[in-house]
Engineer: 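Please read through the structure below; I'll follow up with questions.
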Amino acid sequence: MKYNPNKIERKWQRYWENKKLYQTKDKVKGKKNFYHLVMFPYTSGDLHMGHWYNYAPSDVYARFKRMQGLNVMAPIGFDAFGLPAENAAIQRNINPADWTRQNISYMTKQLKSMGAIFDWSRKVETIDPEYYKWTQWIFLKFYEKGLAYRAKTKVNWCPKDKTVLANEQVVDNCCERCGTQVVQKELVQWMFKITKYADQLIDDLEKLDWPEITKTAQKNWIGRSQGAVIKFQVENSKNYVDVFTTRPDTIFGATFMVLAPEHELVKKITKDQFLGQVNNYLENAKKKTELERLAEVKEKTGVFTGAYAFNPATKEKIPIWISDFVLPHYGTGAIMAVPAHDERDFEFAKKFNLSIREVIGGGDILKEAYEGEGKLINSGKFSGMDSEKAKWEITEFVGGKKMISYRLHDWIISRQRYWGAPIPMVYCQKCDWQPVSEKDLPVLLPKIRDYKPPGTGEPPLVKAKDWLNVKCPRCFGQARRETDTMDAFVDSAWYFLRYSDPKNKKQFASKDKLESWLPVDMYIGGQEHATKHLLYARFITKVLNDSGYLSFDEPFKTMRHQGLILGLDGNKMSKSRGNIVDPDEMVKKFGSDSVRMYLCFMGPYENGGPWDPKAIVGVFRFLNRVWNLIKPKFQNPNDKSIPNSKIQNKELDKVFNKAIKKVGEDIENLRFNTAVSELMKLLNEIEDFINKGFTFQVSSFKVFLKLLAPFAPHLAEELWHQIGNKKSIHLEKWPEYNPKLIEDETVDLVIQVNGRTRDVIKAPHDLTEPQARELALASEKIKKYVSGKEIKKFIYIPNKIANIVI
RNA sequence: GCCGAGGUGGCGAAAUUGGCAACCGCAGCUGACUCAAGAUCAGCCGUCCGCAAGGGCUUGAGGGUUCGACUCCCUCUCUCGGCACCA
């Protein structure tokens with residue numbers, strides 16, 4: 001019989017499902033719980049190789065953990081609300097609900113073909129009212145704590161999708177999804193106050209076992225910088241301009257000031273004769289999109305207000321300018337300009353012919369700004385002091401205060417779109433905004449035929465007339481529902497909590513179950529979520545923890561990223577490039593076991609790389625050889641009468657013990673590629689021994705199958721049953737190795753002459769140096785190089801190497 | 001521009017973390033089986049000289065530390081990711 005993966009794989013998938021083999025109980029006596037999490041897929045259509053790469057090797061890890069005796073939960077679900085699904089539905093002229101449902105059922109089928117240990121009984125879908133009820137509940141908790149608020153913001157507006165985009169969803173100033181140029185628009189929106197947690201989000205990174213690169217990305221994203229606020233008094237006015245600076249030590253060099261066009265003082269301080277040009281400038285600035293602003297990075301623009309302020313250090317009068325290179329939402333929206341020591345200020349000064357004063361030695365300020373540290377000059381009593389040291393002394397001297405600024409903005413969660421969880425708020429003329437009461441959750445997303453954005457900028461939900469009108473929860477008068485829906489990133493920021501108790505009708509999850517599973521022990525997913533999903537999930541966890549609903553403040557203890565699977569041409573797989581590899585096709589051709597194993601084998605897990613359609617035959621051949629092991633060469637396990645003319649070789653036992661160790665350690669460290677390589681080596685050895693006429697015993701074959709089981713669960717199960725086992729191999733324990741059997745009786749002692757290997761000698765363990773020297777010099781090969789010459793040095797590292805220096 | 005990761009055969013890669021560079025596999029070549037192809041099996045396979053034995057060279061480039069460097073340090077270079085007028 002030939003190895004036919006399609007036949008056996010479906011058979012065992014059904015068997016596992018019927019036996020409920022992968023359904024996880026919340027508590028199992030004598031077993032520790034292990035929460036193994038993969039990022040749930042977005043329902044964008046079908047499963048691609050990237051999903052497989054996320055889920056298949058991580059399934060090897062989860063299965064290994066399970067075999068080690070842990071009670072492993074490996075849940076799966078679907079992230080299904082959001083813009084991409086809605087846009088795809090619009091394109092196909094169907095309802096997003098139908099489109100998404102269709103995708104879920106197809107993707108489910110695909111996922112099941114993988115043969116992973118997903119516990120489908122815990123499945124979670126963000127579009128399920130029983131799920132988004134709790135997304136809305138979380139919103140209400142945020143609202144209660146003052147962490148959800150409305151604010152008028154200049155927002156990124158995608159003219160094509162007719163929606164607001166979070167900063168995170170703008171890439172190169174284009175809409176992340178459709179690539180359209182983003183424009184600016186003013187809107188009142190619901191926000192989450194993530195900035196309140198900025199410090200914790202940075203500081204707590206330290207306790208996490210996460211890739212350093214992701215921690216750094218989050219740190220940069222939050223962008224914390226320590227500086228000072230300093231007041232500059234406006235001439236002939238009661239007004240002060242507060243500036244934020246990280247370099248108060250350069251204040252003696254502040255020769256002008258710049259306000260952001262949006263700054264509130266602009267109108268108050270501008271002198272009449274300058275009003276015309278200032279208004280002109282503001283008008284232009286308003287119209288400008290971020291893109292245009294960015295294009296002008298090299299070409300500064302600005303306008304003089306006619307007003308002056310006093311530099312609190314020098315008491316000099318300095319002009320106040322307006323420019324859009326100063327950002328309204330960072331720091332105080334105003335700066336003191338020190339052209340000698342800030343590149344941007346330098347450019348601005350050059351362009352408008354403003355004075356430049358050097359206050360730190362060490363640079364050539366005729367050519368460029370010097371931004372480094374150094375000794376202060378031209379700085380009154382501080383001259384001669386190190387700039388580093390002068391920072392806070394000068395701050396105090398000018399009456400400033402220390403202040404920390406963040407790059408991070410609050411999280412705009414409003415979406416003027418249909419396909420999302422409705423925001424559970426009601427607007428009443430009398431009572432203003434009121435939260436929907438908890439008992440009225442979920443606020444169901446109404447079914448409307450025309451869900452497309454009306455194009456007026458209003459959300460589609462304004463068209464759901466019956467749904468729209470409600471009683472005010474406070475005065476019971478006529479009120480109107482909020483028509484914005486929530487950013488899908490809110491849905492996905494807490495799904496891992498729900499897995500612990502997915503069917504709970506009274507709570508998002510019971511405290512008991514949360515406690516038995518969370519925080520997540522291992523989280524595996526793509527690095528592209530470093531600053532979005534992962535930051536939001538941490539934020540929501542922290543808020544729920546502070547509110548007493550959780551007893552941990554970080555959701556994911558350990559996290560790892562899989563790399564990116566590329567097309568054969570080395571580019572990201574995409575339809576337009578035509579380099580897509582369809583996993584279904586591969587499964588059909590080679591079987592899931594081969595696809596799983598090839599993904600493990602192709603390279604280091606964090607690296608990813610191009611999918612080589614030819615290279616997969618390597619593991620396919622390997623699995624075929626495993627399949628063929630059993631037939632002619634293998635003795636009948638039930639026939640005890642077969643005489644063992646040649647018993648299994650001791651050497652093979654050693655090889656086995658080494659493999660058990662190596663494969664186990666490799667999986668533990670997510671080095672799947674070398675684990676597979678080790679299994680291949682093991683098979684090569686087994687075949688060699690068989691060819692030499694040794695009997696390969698059932699007991700060894702069982703061990704081999706157990707090592708194979710996490711990688712090729714179907715084939716391992718099939719052969720396991722073929723040799724007479726009645727229960728699933730996936731209930732077996734990971735084999736143990738005997739450390740004593742791993743050690744070789746002899747070591748390969750490398751003998752070098754002047755650092756070049758000239759001989760390798762089989763030597764007993766732990767030779768003394770004189771013994772090693774004697775042995776080395778006895779070698780004919782070594783004699784050739786050494787004889788007649790003086791040995792200057794003899795370096796000996798026991799059991800490894802001897803180097804003769806002549 | 002700043003931060004981070006990386007550069008090893010024709011290709012994916014390995015190297016007990018300073019100790020035999022290229023394990024395992026893909027592709028390729030040779031042979032066996034076959035009318036033939038495929039599948040399978042056996043052998044070769046970094047590169048140069050050599051029939052061979054053997055030897056030289058080789059981990060992006062250059063330098064350094066060391067008995068010994070893919071591994072550590074410095075300079076340069078290229079590729080890929082993240083941030084980017086953040087004061």
Side-chain angles (χ1 to χ4, degrees), chain A residues 2 172 211-221 223-225 227-228 243-248 250 258 260 293-294 296-300 323-327 329-338 341-345 347-348 371 405-409 527-528 530-531 563-564 566 568 570 598 601-604 606-607 609-619 621-622 624-625 628 662 665 671 673-684 687 691 748-760 781 784 792-797 799-806:
Chain A
K2 265 183 74 178
D172 289 337
E212 224 30 67
I213 187 168
T214 305
K215 292 195 199 179
T216 313
Q218 294 213 343
K219 267 182 224 157
N220 292 343
W221 187 261
R224 173 165 67 187
S225 40
V243 302
F244 173 74
T245 176
T246 54
R247 295 297 301 272
T250 63
V258 187
R293 249 172 115 152
L294 233 134
E296 283 162 8
V297 165
K298 286 195 179 97
E299 185 63 35
K300 297 264 180 297
S323 173
D324 63 7
F325 86 81
V326 176
L327 306 172
H329 42 251
Y330 185 77
T332 58
I335 61 156
M336 65 173 201
V338 184
H341 304 290
D342 181 282
E343 200 192 321
R344 295 151 303 175
D345 301 349
E347 255 176 65
F348 197 84
E371 298 188 331
S405 262
Y406 303 90
R407 203 196 72 97
L408 182 73
H409 304 332
Q527 211 220 305
E528 66 273 18
T531 51
L564 216 58
L566 307 169
L568 184 60
Y598 176 60
F601 183 59
M602 59 186 286
E606 324 78 61
N607 285 12
W611 172 278
D612 183 345
K614 277 188 284 190
I616 187 176
V617 302
V619 290
R621 281 177 195 149
F622 167 79
N624 270 286
R625 279 161 58 205
N628 290 331
K662 172 81 171 142
E665 285 173 358
R671 289 193 299 249
N673 54 332
T674 48
V676 173
S677 156
E678 186 67 21
L679 286 173
M680 288 175 167
K681 272 192 258 186
L682 181 57
L683 179 64
N684 290 347
E687 287 179 341
N691 289 339
D748 289 342
L749 192 63
V750 175
I751 315 293
Q752 300 185 328
V753 178
N754 285 342
R756 287 175 169 272
T757 302
R758 297 303 181 185
D759 200 4
V760 180
K781 286 182 189 166
K784 227 168 67 186
K792 287 190 189 130
K793 223 172 182 182
F794 186 82
I795 290 127
Y796 173 58
I797 311 293
N799 303 326
K800 274 189 178 158
I801 203 162
N803 190 6
I804 302 164
V805 186
I806 53 173

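What you see is a predicted model; the values in this text were computed from it and never measured. These values consider heavy atoms only, across backbone and side chains, with no hydrogens, waters or symmetry-generated copies. So that the names make sense, note that chain A is the first sequence line, chain B the second, and so on, each numbered from 1.
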Engineer: Can you list everything that forms a ring pair (Phe, Tyr, Trp, His ring centres under 6.0 Å) with A/Tyr406? Sequence neighbours excluded, please.
Structural biologist: none
Engineer: Residues in side-chain hydrogen bond (donor to acceptor under 3.5 Å, both in side chains) with A/Arg671, at least two apart?
Structural biologist: A/Asp666
Engineer: Please state the P separation for the pair B/U71 and B/U75 - nearest whole angstrom.
Structural biologist: 16 Å
Engineer: Give me syn or anti for B/U66, where syn covers glycosidic angles within 90 degrees of 0.
Structural biologist: anti
Engineer: Using the C1' atom as the point on both nucleotides, what is the distance between B/A39 and B/G4, in whole Å?
Structural biologist: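 48 Å, rounded to whole Å.
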Engineer: Would you mind telling me which residue lines up with the more 5' stretch of RNA chain B, A/Met680 or A/Ile801, judged by nearest nucleotide?
Structural biologist: A/Ile801
Engineer: For A/Asp748 and A/Val760, which heavy atoms make the closest approach, and how far apart are they?
Structural biologist: CB-CG1, 3.8 Å
Engineer: Under 4.0 Å between a side-chain N/O of A/Ser225 and OP1 or OP2 of B/A87, yes or no?
Structural biologist: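 Yes.
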Engineer: Partner lookup for B/G50, please. Criteria are Watson-Crick or G-U wobble with both distances under 3.5 angstrom; report none if nothing qualifies.
Structural biologist: none
Engineer: Pick the nucleotide of RNA chain B nearest each of A/Glu678 and A/Lys2; which residue has the one closer to the 5' end?
Structural biologist: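 Looking at RNA chain B, the more 5' nearest nucleotide goes with A/Glu678.
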Engineer: Without decimals, in angstroms, what is the distance between A/Tyr406 OH and B/C83 C1'?
Structural biologist: 19 Å
Engineer: B/C29 and B/G10: how far apart are their C1' atoms, nearest whole angstrom?
Structural biologist: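 So the two C1' atoms sit 13 Å from each other.
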Engineer: N/O contacts under 3.5 Å, protein versus nucleotides 56-60 of chain B?
Structural biologist:
from  : atom 1 : to       : atom 2 : distance (Å)
B/G56 : OP1    : A/Arg758 : NH2    : 3.2
B/C57 : OP1    : A/Arg756 : NH2    : 3.2
B/C57 : OP2    : A/Arg756 : NH1    : 3.0
B/C57 : OP2    : A/Arg756 : NH2    : 2.7

Engineer: Report the base-pairing partner of B/G9 (Watson-Crick or G-U wobble, both distances below 3.5 angstrom), or none.
Structural biologist: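 Looking at the geometry, B/G9 pairs with no nucleotide.
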Engineer: Taking any strand in view, what nucleotide pairs with B/C20 in a Watson-Crick or G-U wobble way, both distances under 3.5 Å?
Structural biologist: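 Per the H-bond distance test, none.
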Engineer: Picking from B/C26, B/C85, B/C23, which would you name as closest to the side chain of A/Lys681?
Structural biologist: B/C23
Engineer: Mind calculating the distance between CD (A/Glu347) and C1' (B/A87) to the nearest angstrom?
Structural biologist: 14 Å
Engineer: Return the CG to CZ distance between A/Leu327 and A/Arg407, rounded to the nearest 0.5 Å.
Structural biologist: 10.5 Å
Engineer: Paired with B/C44: which nucleotide, if any, by Watson-Crick or G-U wobble criteria at under 3.5 Å for both distances?
Structural biologist: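 B/C44 is paired, partner B/G28.
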Engineer: Does a sphere of radius 6.0 Å around CD in A/Glu343 hold more than 12 heavy atoms from other residues, nucleotides or ligands, not counting ones at 6.0 Å or beyond?
Structural biologist: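 No, CD of A/Glu343 has 12 or fewer neighbouring heavy atoms, counting only those of other groups under 6.0 Å.
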Engineer: Syn or anti for B/G9, given that syn means the glycosidic angle lies within 90° of 0?
Structural biologist: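 Here the answer is syn: the torsion falls within 90° of 0.
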Engineer: Just by distance, no angles: are the side chains of A/Asn803 and A/Arg756 close enough, under 3.5 Å, to form a donor-acceptor pair?
Structural biologist: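 Distance-only check fails for A/Asn803 and A/Arg756.
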Engineer: Which whole-number value in Å describes the distance from A/Tyr330 OH to B/C85 P?
Structural biologist: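 Answer to the nearest Å: 12 Å.
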Engineer: What protein N or O atoms touch nucleotides 63-72 of chain B N or O atoms at under 3.5 angstrom, if any, and at what distances?
Structural biologist:
from  : atom 1 : to       : atom 2 : distance (Å)
B/C67 : OP1    : A/Lys793 : NZ     : 2.9
B/C67 : O2'    : A/Asn803 : ND2    : 3.2
B/C67 : O2     : A/Asn803 : ND2    : 2.5

Engineer: How long is the line joining CZ of A/Arg407 and C1' of B/C85, in whole Å?
Structural biologist: 13 Å
Engineer: Both distances under 3.5 Å, Watson-Crick or G-U wobble: report the partner of B/C2, or none.
Structural biologist: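 Pairing partner, where one exists within any strand: B/G82.
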Engineer: Can you tell me the distance, in whole Å, between the CG atom of A/Asn220 and the P atom of B/G82?
Structural biologist: 13 Å
Engineer: Rounded to the nearest 0.5 Å, how far apart are CD of A/Glu687 and CZ of A/Arg625?
Structural biologist: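 Separation between the atoms: 4.0 Å.
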Engineer: Classify the nucleic acid contact of A/Asp748 as base, sugar-phosphate or nothing, counting any heavy atom under 4.0 Å across all strands shown.
Structural biologist: base
Engineer: Using atom C1' in both nucleotides, what's the gap between B/U59 and B/U8 to the nearest angstrom?
Structural biologist: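 After rounding to an integer number of Å, I get 4 Å for this pair.
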Engineer: Strictly under 3.5 Å: I want the nitrogen or oxygen pairs between protein and nucleotides 9-17 of chain B, one per line.
Structural biologist:
from  : atom 1 : to       : atom 2 : distance (Å)
B/G12 : O2'    : A/Met602 : O      : 2.3
B/A14 : OP1    : A/Asn673 : ND2    : 2.8

Engineer: Find the distance A/Phe325:CZ to B/C85:P and express it as a whole number of Å.
Structural biologist: 12 Å
Engineer: Which one, B/A27, B/A87, B/C20, comes nearest to the side chain of A/Val750?
Structural biologist: B/C20
Engineer: If you check every side-chain atom of A/Leu327, which of B/A87, B/C3, B/A27 has the closest atom?
Structural biologist: B/A87
Engineer: Indicate the ring-plane relationship of A/Tyr330 and A/Phe244, choosing parallel, tilted or perpendicular according to the 30° and 60° boundaries.
Structural biologist: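 Perpendicular.
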Engineer: Take atom C1' in B/G12 and the same atom in B/C23, then report the distance between them in whole Å.
Structural biologist: 14 Å
Engineer: When you compare B/A21 with B/G68, how far apart are their C1' atoms, in angstrom units rounded to a whole number?
Structural biologist: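 The same atom, C1', in both gives a distance of 14 Å.
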Engineer: Compare the minimum distances between each of B/A84, B/G82, B/C23 and the side chain of A/Ser677, then state the nucleotide with the smallest one.
Structural biologist: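 Selected nucleotide: B/C23.
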Engineer: Rounding to a whole Å, what distance do you find between A/Ile213:CD1 and B/G82:C1'?
Structural biologist: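 After rounding, the gap between these two atoms is 7 Å.
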Engineer: Charged N to carboxylate O below 4.0 Å: is that the case for A/Lys300 and A/Glu347?
Structural biologist: yes
Engineer: Can you tell me the distance, in whole Å, between the NZ atom of A/Lys219 and the P atom of B/G4?
Structural biologist: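 Interatomic distance, NZ of A/Lys219 to P of B/G4: 11 Å.
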Engineer: For A/Asn684 and B/G25, is the shortest distance between a side-chain N/O and OP1 or OP2 below 4.0 Å?
Structural biologist: yes
Engineer: Suppose you measure atom C1' in B/A15 against the same atom in B/U65; what distance do you get, rounded to whole Å?
Structural biologist: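 That atom pair is separated by 22 Å.
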Engineer: If a protein heavy atom is under 4.0 Å from the base, mark B; if only from the sugar-phosphate, S; if neither, -; do that for nucleotides 40-50 of chain B going 5' to 3'.
Structural biologist: SS---------
Engineer: Nearest of B/A87, B/C83, B/C85 to any side-chain atom of A/Lys300?
Structural biologist: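 In terms of side-chain proximity for A/Lys300, the closest of B/A87, B/C83, B/C85 is B/C85.
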Engineer: Rounded to whole angstrom, note down the P distance from B/A42 over to B/A27.
Structural biologist: 16 Å
Engineer: Roughly how far, to the nearest 0.5 Å, is the NZ atom of A/Lys681 from the NZ atom of A/Lys662?
Structural biologist: 7.0 Å
